[in-house]
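All remarks here apply to the structure that follows.
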Amino acid sequence: MARPAPDGQPLHRRIGSELRAQILGRALAPGAQVPTEAELQERYGVSRSVVRQALASLEQEGLVERRRGRGTTVRERGELHRLVQRVPGLSTQVEGEGVHVTTRVLELGLEPASEATGELASDRVLRLRRLRSAGDEPLALIETWLPEELGDLTAEELTDASLHATIQRRFGTHVVAGRRQVRAVGADADTAELLQVAAGTPVLLLEGTSTDEAARPVEVFRTWHRADRVVFDINVIQEPDAVAPVPADTGSLRERLDALGREMLDLARELERAEGR
(Lines give C-alpha, C1' and ligand atoms only; values in the text may rest on other atoms or scores of the structure.)
Protein backbone atom coordinates (compact mmCIF):
# COMPACT_ATOMS: atom_id res chain seq x y z
CA MET A 1 0.00 0.00 0.00
CA ALA A 2 1.38 3.42 -0.95
CA ARG A 3 2.52 5.54 1.98
CA PRO A 4 0.99 9.02 2.04
CA ALA A 5 3.34 11.90 1.27
CA PRO A 6 3.72 14.62 3.94
CA ASP A 7 1.49 17.68 3.68
CA GLY A 8 -0.53 16.09 0.89
CA GLN A 9 2.36 16.35 -1.59
CA PRO A 10 1.79 14.11 -4.63
CA LEU A 11 3.88 10.95 -4.32
CA HIS A 12 5.65 11.39 -7.65
CA ARG A 13 6.79 14.85 -6.57
CA ARG A 14 8.08 13.52 -3.28
CA ILE A 15 10.11 10.83 -5.07
CA GLY A 16 11.35 13.33 -7.65
CA SER A 17 12.37 15.83 -4.94
CA GLU A 18 14.39 13.23 -3.04
CA LEU A 19 16.14 11.97 -6.16
CA ARG A 20 16.79 15.55 -7.29
CA ALA A 21 18.41 16.35 -3.94
CA GLN A 22 20.65 13.29 -4.25
CA ILE A 23 21.69 14.30 -7.77
CA LEU A 24 22.37 17.95 -6.89
CA GLY A 25 24.15 16.88 -3.71
CA ARG A 26 26.20 14.41 -5.80
CA ALA A 27 25.15 11.43 -3.72
CA LEU A 28 24.20 10.27 -7.22
CA ALA A 29 27.15 11.47 -9.30
CA PRO A 30 27.07 12.12 -13.06
CA GLY A 31 26.93 8.80 -14.90
CA ALA A 32 25.68 6.92 -11.82
CA GLN A 33 22.83 4.47 -12.12
CA VAL A 34 19.57 5.61 -10.56
CA PRO A 35 17.73 2.88 -8.58
CA THR A 36 15.55 0.79 -10.85
CA GLU A 37 11.82 1.28 -11.11
CA ALA A 38 11.29 -1.92 -9.10
CA GLU A 39 13.66 -0.70 -6.36
CA LEU A 40 11.92 2.66 -6.16
CA GLN A 41 8.52 0.95 -6.04
CA GLU A 42 9.64 -1.12 -3.08
CA ARG A 43 11.37 1.78 -1.32
CA TYR A 44 8.39 4.13 -1.50
CA GLY A 45 5.55 1.62 -1.62
CA VAL A 46 4.07 3.09 -4.80
CA SER A 47 2.94 1.87 -8.19
CA ARG A 48 5.17 1.77 -11.26
CA SER A 49 3.20 4.60 -12.88
CA VAL A 50 4.06 6.90 -9.94
CA VAL A 51 7.77 6.05 -10.24
CA ARG A 52 7.72 6.61 -13.99
CA GLN A 53 6.05 9.99 -13.50
CA ALA A 54 8.80 11.02 -11.06
CA LEU A 55 11.58 9.90 -13.41
CA ALA A 56 9.92 11.63 -16.34
CA SER A 57 9.98 14.95 -14.47
CA LEU A 58 13.70 14.54 -13.76
CA GLU A 59 14.33 13.69 -17.40
CA GLN A 60 12.45 16.80 -18.47
CA GLU A 61 14.69 18.88 -16.21
CA GLY A 62 17.73 17.33 -17.87
CA LEU A 63 18.96 15.65 -14.69
CA VAL A 64 18.69 12.03 -15.86
CA GLU A 65 18.77 9.99 -19.06
CA ARG A 66 16.47 7.02 -19.61
CA ARG A 67 17.46 4.50 -22.26
CA ARG A 68 16.00 1.15 -23.12
CA GLY A 69 18.18 -1.63 -21.79
CA ARG A 70 20.33 0.72 -19.70
CA GLY A 71 17.84 1.97 -17.18
CA THR A 72 18.09 5.50 -15.81
CA THR A 73 21.43 7.25 -15.26
CA VAL A 74 22.40 10.67 -13.97
CA ARG A 75 23.07 12.88 -16.93
CA GLU A 76 26.64 14.03 -17.55
CA ARG A 77 26.52 17.82 -17.59
CA GLY A 78 29.25 20.31 -18.34
CA GLU A 79 29.97 22.32 -15.21
CA LEU A 80 30.86 26.00 -15.42
CA HIS A 81 33.38 27.12 -12.83
CA ARG A 82 33.54 30.52 -11.17
CA LEU A 83 36.29 31.72 -8.85
CA VAL A 84 34.42 33.42 -6.04
CA GLN A 85 37.32 35.64 -5.00
CA ARG A 86 37.74 37.17 -8.46
CA VAL A 87 36.12 40.53 -9.21
CA PRO A 88 35.16 39.68 -12.84
CA GLY A 89 31.74 38.07 -12.93
CA LEU A 90 30.33 34.83 -14.27
CA SER A 91 30.17 35.83 -17.93
CA THR A 92 33.78 37.04 -18.06
CA GLN A 93 35.09 33.94 -16.34
CA VAL A 94 33.21 31.26 -18.26
CA GLU A 95 33.72 32.98 -21.60
CA GLY A 96 37.41 32.67 -20.83
CA GLU A 97 36.76 28.92 -20.92
CA GLY A 98 35.21 29.18 -24.38
CA VAL A 99 31.55 29.22 -23.30
CA HIS A 100 29.42 31.96 -24.88
CA VAL A 101 27.15 33.65 -22.36
CA THR A 102 24.23 35.93 -23.18
CA THR A 103 22.73 38.57 -20.88
CA ARG A 104 19.14 39.76 -20.98
CA VAL A 105 18.03 42.85 -19.04
CA LEU A 106 14.77 42.14 -17.22
CA GLU A 107 14.37 45.40 -15.27
CA LEU A 108 16.17 48.72 -15.09
CA GLY A 109 15.06 51.82 -13.21
CA LEU A 110 15.62 54.21 -10.30
CA GLU A 111 14.10 53.56 -6.88
CA PRO A 112 14.53 54.96 -3.34
CA ALA A 113 17.53 53.66 -1.42
CA SER A 114 16.76 51.04 1.21
CA GLU A 115 18.56 49.73 4.28
CA ALA A 116 20.20 47.11 2.09
CA THR A 117 21.55 49.71 -0.36
CA GLY A 118 22.28 52.50 2.14
CA GLU A 119 26.02 51.91 1.92
CA LEU A 120 25.96 53.30 -1.62
CA ALA A 121 25.52 56.77 -0.03
CA SER A 122 22.83 57.72 -2.55
CA ASP A 123 19.21 58.78 -1.88
CA ARG A 124 18.12 56.91 -4.97
CA VAL A 125 19.68 53.86 -6.57
CA LEU A 126 19.54 52.24 -9.98
CA ARG A 127 18.08 48.75 -9.74
CA LEU A 128 19.15 46.34 -12.45
CA ARG A 129 17.86 42.81 -12.94
CA ARG A 130 19.46 40.51 -15.53
CA LEU A 131 19.36 36.88 -16.65
CA ARG A 132 22.52 35.15 -17.85
CA SER A 133 22.31 32.07 -20.06
CA ALA A 134 24.56 29.69 -21.97
CA GLY A 135 22.82 28.66 -25.16
CA ASP A 136 19.13 28.36 -24.33
CA GLU A 137 19.81 27.35 -20.73
CA PRO A 138 19.66 29.99 -17.96
CA LEU A 139 22.58 30.00 -15.54
CA ALA A 140 22.14 32.92 -13.17
CA LEU A 141 19.70 35.64 -12.13
CA ILE A 142 21.44 38.87 -11.09
CA GLU A 143 19.95 41.72 -9.06
CA THR A 144 22.19 44.79 -8.77
CA TRP A 145 21.92 48.24 -7.20
CA LEU A 146 24.13 51.15 -8.31
CA PRO A 147 24.46 54.79 -7.12
CA GLU A 148 22.14 57.29 -8.80
CA GLU A 149 25.15 58.92 -10.47
CA LEU A 150 25.27 55.85 -12.73
CA GLY A 151 21.54 56.09 -13.41
CA ASP A 152 21.73 56.90 -17.13
CA LEU A 153 22.87 53.39 -18.05
CA THR A 154 20.57 51.84 -20.65
CA ALA A 155 19.26 48.33 -21.17
CA GLU A 156 20.69 48.32 -24.68
CA GLU A 157 24.28 48.84 -23.57
CA LEU A 158 23.95 46.24 -20.79
CA THR A 159 22.50 43.52 -23.01
CA ASP A 160 25.12 40.80 -23.63
CA ALA A 161 27.68 43.02 -21.90
CA SER A 162 29.76 43.13 -18.73
CA LEU A 163 28.41 45.63 -16.20
CA HIS A 164 31.86 46.39 -14.77
CA ALA A 165 33.36 46.96 -18.22
CA THR A 166 30.45 49.24 -19.16
CA ILE A 167 30.81 51.28 -15.96
CA GLN A 168 34.53 51.69 -16.55
CA ARG A 169 34.00 52.73 -20.16
CA ARG A 170 31.18 55.16 -19.43
CA PHE A 171 32.23 56.68 -16.11
CA GLY A 172 35.88 55.78 -15.63
CA THR A 173 34.98 53.84 -12.49
CA HIS A 174 37.10 50.73 -12.07
CA VAL A 175 35.72 48.00 -9.79
CA VAL A 176 38.72 46.47 -8.04
CA ALA A 177 37.60 44.82 -4.79
CA GLY A 178 34.67 43.82 -2.64
CA ARG A 179 33.19 41.49 -0.06
CA ARG A 180 31.37 38.28 -1.01
CA GLN A 181 29.09 35.83 0.78
CA VAL A 182 27.83 32.49 -0.49
CA ARG A 183 24.83 30.58 0.80
CA ALA A 184 22.50 27.87 -0.44
CA VAL A 185 18.83 28.86 -0.66
CA GLY A 186 15.67 27.42 -2.13
CA ALA A 187 14.51 29.08 -5.34
CA ASP A 188 11.27 31.02 -4.90
CA ALA A 189 8.58 30.78 -7.57
CA ASP A 190 9.83 33.75 -9.63
CA THR A 191 13.50 32.73 -9.47
CA ALA A 192 12.65 29.12 -10.26
CA GLU A 193 10.64 30.12 -13.32
CA LEU A 194 13.45 32.29 -14.70
CA LEU A 195 16.14 29.67 -14.02
CA GLN A 196 13.88 26.89 -15.33
CA VAL A 197 14.07 24.76 -12.19
CA ALA A 198 11.40 23.53 -9.81
CA ALA A 199 10.34 25.89 -7.02
CA GLY A 200 12.34 25.14 -3.89
CA THR A 201 15.30 23.73 -5.83
CA PRO A 202 18.59 24.60 -4.07
CA VAL A 203 20.46 27.41 -5.81
CA LEU A 204 23.75 29.13 -4.93
CA LEU A 205 23.27 32.73 -3.82
CA LEU A 206 26.33 34.98 -4.14
CA GLU A 207 25.87 38.43 -2.65
CA GLY A 208 28.09 41.31 -1.70
CA THR A 209 29.39 44.81 -2.31
CA SER A 210 31.99 45.98 -4.83
CA THR A 211 34.27 48.99 -4.41
CA ASP A 212 36.36 51.19 -6.70
CA GLU A 213 40.03 52.19 -6.44
CA ALA A 214 39.16 54.77 -3.76
CA ALA A 215 37.39 52.06 -1.70
CA ARG A 216 33.99 53.65 -2.39
CA PRO A 217 31.04 51.21 -2.68
CA VAL A 218 29.74 51.29 -6.25
CA GLU A 219 27.63 48.14 -6.38
CA VAL A 220 25.44 45.97 -4.17
CA PHE A 221 24.35 42.72 -5.75
CA ARG A 222 22.72 39.32 -5.32
CA THR A 223 23.14 36.53 -7.87
CA TRP A 224 21.25 33.24 -7.84
CA HIS A 225 23.15 30.48 -9.69
CA ARG A 226 21.82 27.12 -10.82
CA ALA A 227 23.59 24.64 -8.57
CA ASP A 228 23.43 21.92 -11.23
CA ARG A 229 25.37 24.02 -13.74
CA VAL A 230 27.63 26.43 -11.87
CA VAL A 231 30.39 25.41 -9.48
CA PHE A 232 32.14 27.86 -7.15
CA ASP A 233 35.92 27.41 -6.94
CA ILE A 234 38.00 28.86 -4.10
CA ASN A 235 41.78 29.09 -4.16
CA VAL A 236 43.34 28.50 -0.73
CA ILE A 237 46.85 29.27 0.47
CA GLN A 238 48.87 28.39 3.54
CA GLU A 239 49.09 31.46 5.75
CA PRO A 240 52.44 31.98 7.49
CA ASP A 241 52.41 31.27 11.22
CA ALA A 242 52.50 34.31 13.47
CA VAL A 243 55.50 32.83 15.27
CA ALA A 244 57.82 30.49 13.40
CA PRO A 245 58.19 27.17 15.23
CA VAL A 246 61.59 26.34 16.67
CA PRO A 247 63.08 23.19 15.09
CA ALA A 248 63.39 20.17 17.32
CA ASP A 249 67.18 19.97 16.77
CA THR A 250 68.15 23.44 17.97
CA GLY A 251 71.68 22.93 19.32
CA SER A 252 73.68 24.38 16.46
CA LEU A 253 71.00 26.97 15.70
CA ARG A 254 71.07 28.29 19.27
CA GLU A 255 74.86 28.51 19.14
CA ARG A 256 74.69 30.60 15.96
CA LEU A 257 72.00 32.84 17.44
CA ASP A 258 74.04 33.35 20.63
CA ALA A 259 77.11 34.25 18.57
CA LEU A 260 75.07 36.68 16.47
CA GLY A 261 73.69 38.24 19.65
CA ARG A 262 77.19 38.79 21.03
CA GLU A 263 78.29 40.37 17.75
CA MET A 264 75.31 42.75 17.79
CA LEU A 265 76.08 43.69 21.41
CA ASP A 266 79.74 44.38 20.60
CA LEU A 267 78.67 46.50 17.62
CA ALA A 268 76.29 48.51 19.79
CA ARG A 269 79.08 49.22 22.31
CA GLU A 270 81.42 50.36 19.55
CA LEU A 271 78.75 52.74 18.25
CA GLU A 272 78.27 54.18 21.73
CA ARG A 273 82.04 54.76 22.11
CA ALA A 274 82.16 56.38 18.66
CA GLU A 275 79.34 58.76 19.56
CA GLY A 276 81.09 59.60 22.85
CA ARG A 277 84.16 60.72 20.96
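A donor-acceptor pair under 3.5 Å is formed between the side chain of Asp160 and the backbone N or O of Thr103. Judged by distance alone, the side chain of Glu137 and the main-chain N or O of Ala134 form no donor-acceptor pair under 3.5 Å. Looking only at distances, no side-chain donor or acceptor of Ser133 sits under 3.5 Å from a matching main-chain atom of Asp136. Of the possible polar contacts, none joining the His225 side chain to the Ala140 backbone as a donor-acceptor pair under 3.5 Å is found.
Looking at Val175 and Leu163, their side chains never come closer than 4.5 Å, going by heavy atoms from C-beta outward. Counting heavy atoms from C-beta outward, Val218 and Leu146 have side chains that stay 4.5 Å or more apart. Looking only at side-chain heavy atoms (C-beta outward), Val185 and Val203 come within less than 4.5 Å of each other. When side chains are defined from C-beta on, Phe221 counts as touching Leu206, because their heavy atoms get closer than 4.5 Å. Here the side chains of Thr73 and Val64 are not in contact, with every heavy-atom distance at 4.5 Å or above. Put simply, the side chain of Val182 does not reach to within 4.5 Å of the side chain of Leu205, judged on heavy atoms.
Residues Glu149 and Phe171 share a closest heavy-atom pair of O-CE2, 3.9 Å. Nearest heavy atom pair, residue Pro35 against residue Leu40, reads O-CD1, 3.7 Å. Of all heavy-atom pairs spanning Arg226 and Pro138, the tightest one is CD-O, 3.0 Å. Taking both residues in full, the closest heavy atoms of Val220 and Ala116 are given as CG1-O, 4.1 Å, listed atom of the first, atom of the second, then distance. The minimum heavy-atom distance between Ala227 and Leu204, with the atom names listed, is CB-CG, 4.2 Å. Considering every non-hydrogen atom in both Leu150 and Ile167, the closest pair reads CD1-CD1, 4.1 Å.
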Using residues 120-127 as the side-chain source, report each donor-acceptor pair under 3.5 Å to any protein atom, sequence neighbours left out, with the distance given to one decimal.
unit_1 : atom_1 : unit_2 : atom_2 : d
Ser122 : OG     : Arg124 : O      : 2.4
Ser122 : OG     : Glu148 : N      : 3.2
Arg124 : NE     : Glu148 : OE2    : 3.1
Arg124 : NH2    : Glu148 : OE2    : 2.8
Arg127 : NE     : Glu143 : OE2    : 3.0
Arg127 : NH1    : Glu107 : OE1    : 2.5
Arg127 : NH2    : Glu143 : OE2    : 2.5

Would you give me the side-chain donor-acceptor pairs under 3.5 Å for residues 190-200, sequence neighbours excluded?
unit_1 : atom_1 : unit_2 : atom_2 : d
Asp190 : OD2    : Arg129 : NH2    : 2.4
Thr191 : OG1    : Asp188 : OD1    : 2.8

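Partners of Arg183 under the salt bridge (Lys or Arg N to Asp or Glu O under 4.0 Å) rule, at least two apart in sequence or in another chain, are Glu207. Applying the side-chain contact (heavy atoms from CB on, under 4.5 Å) criterion to Gln60, with sequence neighbours excluded, gives no partner residue. In terms of the salt bridge (Lys or Arg N to Asp or Glu O under 4.0 Å) criterion, residue partners of Arg216 (sequence neighbours excluded) are, by chain and number, Asp212. Not counting sequence neighbours, Glu119 has no partner by the salt bridge (Lys or Arg N to Asp or Glu O under 4.0 Å) test. Here Gln168 pairs with nothing under the side-chain hydrogen bond (donor to acceptor under 3.5 Å, both in side chains) rule; sequence neighbours left out. Here Thr166 pairs with nothing under the side-chain hydrogen bond (donor to acceptor under 3.5 Å, both in side chains) rule; sequence neighbours left out. Every side-chain contact (heavy atoms from CB on, under 4.5 Å) that Thr36 has, sequence neighbours left out, goes to Ala38, Glu39. Applying the side-chain contact (heavy atoms from CB on, under 4.5 Å) test to Ile142 and every residue at least two apart in sequence or in another chain returns Arg130, Arg132, Thr144, Thr223. The side-chain contact (heavy atoms from CB on, under 4.5 Å) search around Ser17 returns Gln9, Arg20, not counting sequence neighbours. Not counting sequence neighbours, the partners of Asp152 by the side-chain hydrogen bond (donor to acceptor under 3.5 Å, both in side chains) test are Arg170.
For the atom pair CG (Leu63) and CG (Leu55), the distance works out to 11.5 Å, reported to the nearest 0.5 Å. Considering CZ of Arg52 and CD of Glu59, their distance stands at 12.5 Å, rounded to 0.5 Å. The distance from the OG atom of Ser49 to the CD atom of Gln41 is 8.5 Å, given to the nearest 0.5 Å. We find the CG-OG1 distance between Leu19 and Thr72 to be 9.5 Å, quoted to the nearest 0.5 Å. Note that NE2 of His164 is 3.5 Å distant from CD of Glu219, once rounded to the nearest 0.5 Å. With values rounded to the nearest 0.5 angstrom, Ser47 atom OG is found 11.5 Å from His12 atom NE2.
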Practice problem: Start with the C-alpha gap between Arg66 and Glu37, add the side-chain angles, then the distance that decides, and say whether side chain to side chain contact (heavy atoms under 4.5 Å, CB included) holds. | Solution: CA-CA 11 Å; Arg66 304 169 69 193; Glu37 293 181 1; 3.6 Å; yes
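With hydrophobic clusters built from ILVMFWY side chains whose heavy atoms lie under 4.5 angstrom apart, Val105 does not share a cluster with Leu131. Linking ILVMFWY residues whenever their side-chain heavy atoms come closer than 4.5 Å, directly or via other members, leaves Trp224 and Leu139 in distinct clusters. The hydrophobic cluster containing Val51 also contains Val74, counting ILVMFWY residues as joined when their side-chain heavy atoms lie under 4.5 angstrom apart, directly or transitively. Under the 4.5 Å side-chain contact rule for hydrophobic residues, Leu106 and Trp145 do not share a cluster.
Surrounding CZ of Arg104 are at most 12 heavy atoms belonging to other residues, nucleotides or ligands under 6.0 Å away.
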